[in-house]
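The shown structure was predicted, so the numbers you read here are calculated from the model rather than taken from an experiment. Both ligands and their constituent atoms are indexed starting at 1 by order of listing.
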Amino acid sequence: MDILSLVRPNIIQLKPYSTARDEFKGVADIYLDANENPFPSPYHRYPDPMQIKLKDKIGGIKKIKAEQIFIGNGSDEAIDLLIRAFCEPGKDSILITEPTYGMYSVCASINDVAVKKSLLTSQFQLNPDDLYSKIDSSLKLIFLCSPNNPSGNLLDKEIIMELLKQFKGIVVIDEAYIDFTDDEGFIPILSRFPNLVVMQTLSKAWGLAGLRLGMAFASEAIINILNKIKYPYNINSITQQIVLEQLDKEVEKNKQVNIIRQERERLVNRLIQLPIVQTVFPSDANFLLVRMANAKSIYNYLMHHSIIVRDRSSVVLCQDCLRITIGTSLENDQLIEKLILYSESN
Ligand SMILES: *Cc1c(COP(=O)(O)O)cnc(C)c1O
């Protein structure tokens, strides 16, 4: 597949901004090239625009070449850049499955790109007939979220594999929650599909949401396009430096993920015993989608007692559902305690 033929012509023709640090990549004694303040401080230099050290480190962890990694200011940057690289405003479209993460359609709408929607099944699985019926010549990107937010389940891999073979555009798989499953995700098969983009983030399992670092993994052709159109210094030096240190703590991350997964099981077992709970949907993520009688009133009750969950009750297929992040053991106990009190008083 010729990826470049999918890219907007103005982006192909674009001559990107070249930073001082793009032109000289070595180590020098004196830097008089970037109009920085010469008086030393930890922050007086611009950060590495291509985040070379970070990509080497991430590449080692994810077992992928640095050239196949894009680093963004959160996954949201990758979502926005993909849409701007491939979709002509007022003409092209993206396809999302519903219900899903809200940023795909927000970024598309900001860029005046139409959003086609395919409803998931009642068990939040892909509906291939409906998906294929939405494909037309305007469609450039399909966004799939697996495990899906807000439902928590992995999407059917067979269906996605088939879509990757059939669809003559880009398939983006958002794996923000992949660390909470036993599934290896789609990175291991990236080399088979030049039209596949896998997105991951350090915001969830790695516990680094405040640093804002999202990753996209894809063929070099796609990564080169994203690098060409990103803001030159999109990842600040503090984030680069701290993430580099934090990525050494994979063992600790895995320990926390295991605890969160155990807590997820425990919370499911507690929740299904409550009379107000109708369904706890199976989760491969660090949250549970829970259907309960009077979700809205429970949401307000919890908020009144200083526990904030996510009200998804007005989202399609999520009637009467709250999305509950797995907290610490103590936090989960307090949640259950409040839900029991609510049950007893209603
Ligand atoms: C939380 C989340 C992200 C993370 O976004 P960042 O900008 O990297 O913090 C991405 N995708 C989904 C589906 C999410 O739920």
Side-chain angles (χ1 to χ4, degrees), residues 51 54-55 58 61-62 69-84 94-108 110 115 117-118 120 124 126 141-155 160 171-181 183 185-187 196-218 226 230-231 234-236 238-240 242-243 246-247 253 256-257 260 264 281 283-289 308-312 315-318 321-327:
Q51 307 105 18
L54 252 183
K55 285 179 185 171
I58 292 170
I61 293 172
K62 301 288 177 184
I69 304 173
F70 168 82
I71 299 180
N73 187 349
S75 311
D76 297 340
E77 181 178 1
I79 296 169
D80 184 54
L81 293 184
L82 283 163
I83 291 171
R84 287 200 279 151
I94 68 162
L95 174 62
I96 64 169
T97 59
E98 280 198 315
T100 196
Y101 186 52
M103 280 309 284
Y104 318 130
S105 68
V106 169
C107 287
I110 291 172
V115 181
K117 296 169 181 173
S118 176
L120 295 172
F124 301 107
L126 296 168
L141 293 165
I142 299 178
F143 283 93
L144 303 174
C145 186
S146 181
N148 187 43
N149 179 2
S151 53
N153 60 302
L154 283 161
L155 299 179
I160 298 177
V171 177
V172 185
I173 305 176
D174 187 343
E175 295 186 344
Y177 300 98
I178 198 69
D179 292 279
F180 300 102
T181 81
D183 194 281
F186 281 81
I187 288 181
L196 169 60
V197 179
V198 177
M199 294 196 305
Q200 293 187 4
T201 178
L202 300 185
S203 297
K204 308 289 158 61
W206 283 92
L208 301 172
L211 292 178
R212 310 304 304 129
L213 193 134
M215 301 160 285
F217 307 95
L226 297 180
K230 75 179 184 70
Y231 286 133
N234 60 328
I235 307 296
N236 71 67
I238 299 183
T239 295
Q240 292 197 42
I242 299 181
V243 166
Q246 292 295 315
L247 287 174
K253 180 221 49 163
Q256 292 180 352
V257 165
I260 290 167
R264 181 176 74 197
F281 289 94
S283 173
D284 288 293
N286 66 337
F287 58 84
L288 295 170
L289 188 70
I308 314 301
V309 298
R310 190 92 156 111
D311 178 14
R312 299 283 77 185
V315 171
V316 62
L317 294 182
C318 298
C321 287
L322 301 181
R323 193 195 69 193
I324 303 174
T325 305
I326 311 299

**Student:** Taking 4.0 Å as the limit for heavy-atom contacts, which would you say applies to Glu77 with ligand 1: side chain only, backbone only, both, or neither?
**Tutor:**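 For Glu77, there is no contact with ligand 1 at all, from either part.
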
**Student:** Once you restrict to heavy atoms under 4.0 Å, what part of Met199 touches ligand 1? Side chain, backbone, both or neither.
**Tutor:** neither

**Student:** Out of all atoms in ligand 1, which are within 4.0 Å of some heavy atom of Asp76? Include the element for each.
**Tutor:**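 Taking each heavy atom of Asp76 in turn, ligand 1 has 7 (O) under 4.0 Å.
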
**Student:** Can you sort out which atoms of ligand 1 are near Cys145, meaning under 4.0 Å from one of its heavy atoms?
**Tutor:**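 Selected atoms, number and element: 13 (C).
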
**Student:** Return the option from Leu211, Asn149, Asp174 holding the heavy atom at the smallest distance from atom 12 (C) of ligand 1.
**Tutor:** Asp174

**Student:** Please say whether Arg212 places an N or O atom under 3.5 Å from an N or O atom belonging to ligand 1.
**Tutor:**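 Such a contact does occur with ligand 1.
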
**Student:** Quick test: of every protein heavy atom, which one is nearest to atom 5 (O) of ligand 1, and how far off is it to 0.1 Å?
**Tutor:** Ser75 OG, 3.6 Å

**Student:** Do Asn149 and Arg323 have side-chain N/O donor and acceptor atoms under 3.5 Å apart?
**Tutor:**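 A pair is found: one side chain offers a donor N or O, the other an acceptor, under 3.5 Å apart.
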
**Student:** Determine yes or no for a side-chain-to-main-chain donor-acceptor pair under 3.5 angstrom, with Thr201 supplying the side chain and Ser75 the backbone.
**Tutor:** no

**Student:** Would Tyr104 and Asp76 count as having a side-chain donor-acceptor pair, cut-off 3.5 Å?
**Tutor:** no

**Student:** Less than 6.0 Å separating the ring centroids of Phe287 and Tyr177?
**Tutor:**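 They qualify: ring centres under 6.0 Å apart.
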
**Student:** Please identify which atoms of ligand 1 are closer than 4.0 Å to at least one heavy atom of Lys204.
**Tutor:** 1 (C), 2 (C), 3 (C), 4 (C), 14 (C), 15 (O)

**Student:** Would you indicate which of Tyr177, Phe143, Tyr104 comes nearest to atom 15 (O) of ligand 1 when only heavy atoms are counted?
**Tutor:**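 Nearest option to atom 15 (O) of ligand 1, by heavy atoms: Tyr177.
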
**Student:** Do Ser146 and Asn148 pair up side chain to side chain, a donor and an acceptor below 3.5 Å, judged on atom types alone?
**Tutor:** no

**Student:** Check Ala176 against ligand 1 and report side chain, backbone, both or neither, counting heavy atoms closer than 4.0 Å.
**Tutor:**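 Side chain only; the backbone of Ala176 stays clear of ligand 1.
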
**Student:** Specify the protein heavy atom at minimum distance from atom 9 (O) of ligand 1: its residue, its atom name, and the distance to 0.1 Å.
**Tutor:** Ser203 OG, 2.7 Å

**Student:** Can you name the one residue among Gln256, Lys204, Lys253 that meets side-chain hydrogen bond (donor to acceptor under 3.5 Å, both in side chains) with Asp179?
**Tutor:**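 Checked Gln256, Lys204, Lys253 against Asp179; only one passes side-chain hydrogen bond (donor to acceptor under 3.5 Å, both in side chains): Lys253.
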
**Student:** Have Glu175 and Gln200 got a donor and an acceptor in their side chains that come within less than 3.5 Å?
**Tutor:** yes

**Student:** Determine whether a donor-acceptor pair (N or O, by modelled atom type, separation under 3.5 Å) exists between the side chain of Gln240 and the backbone of Ile235.
**Tutor:** yes

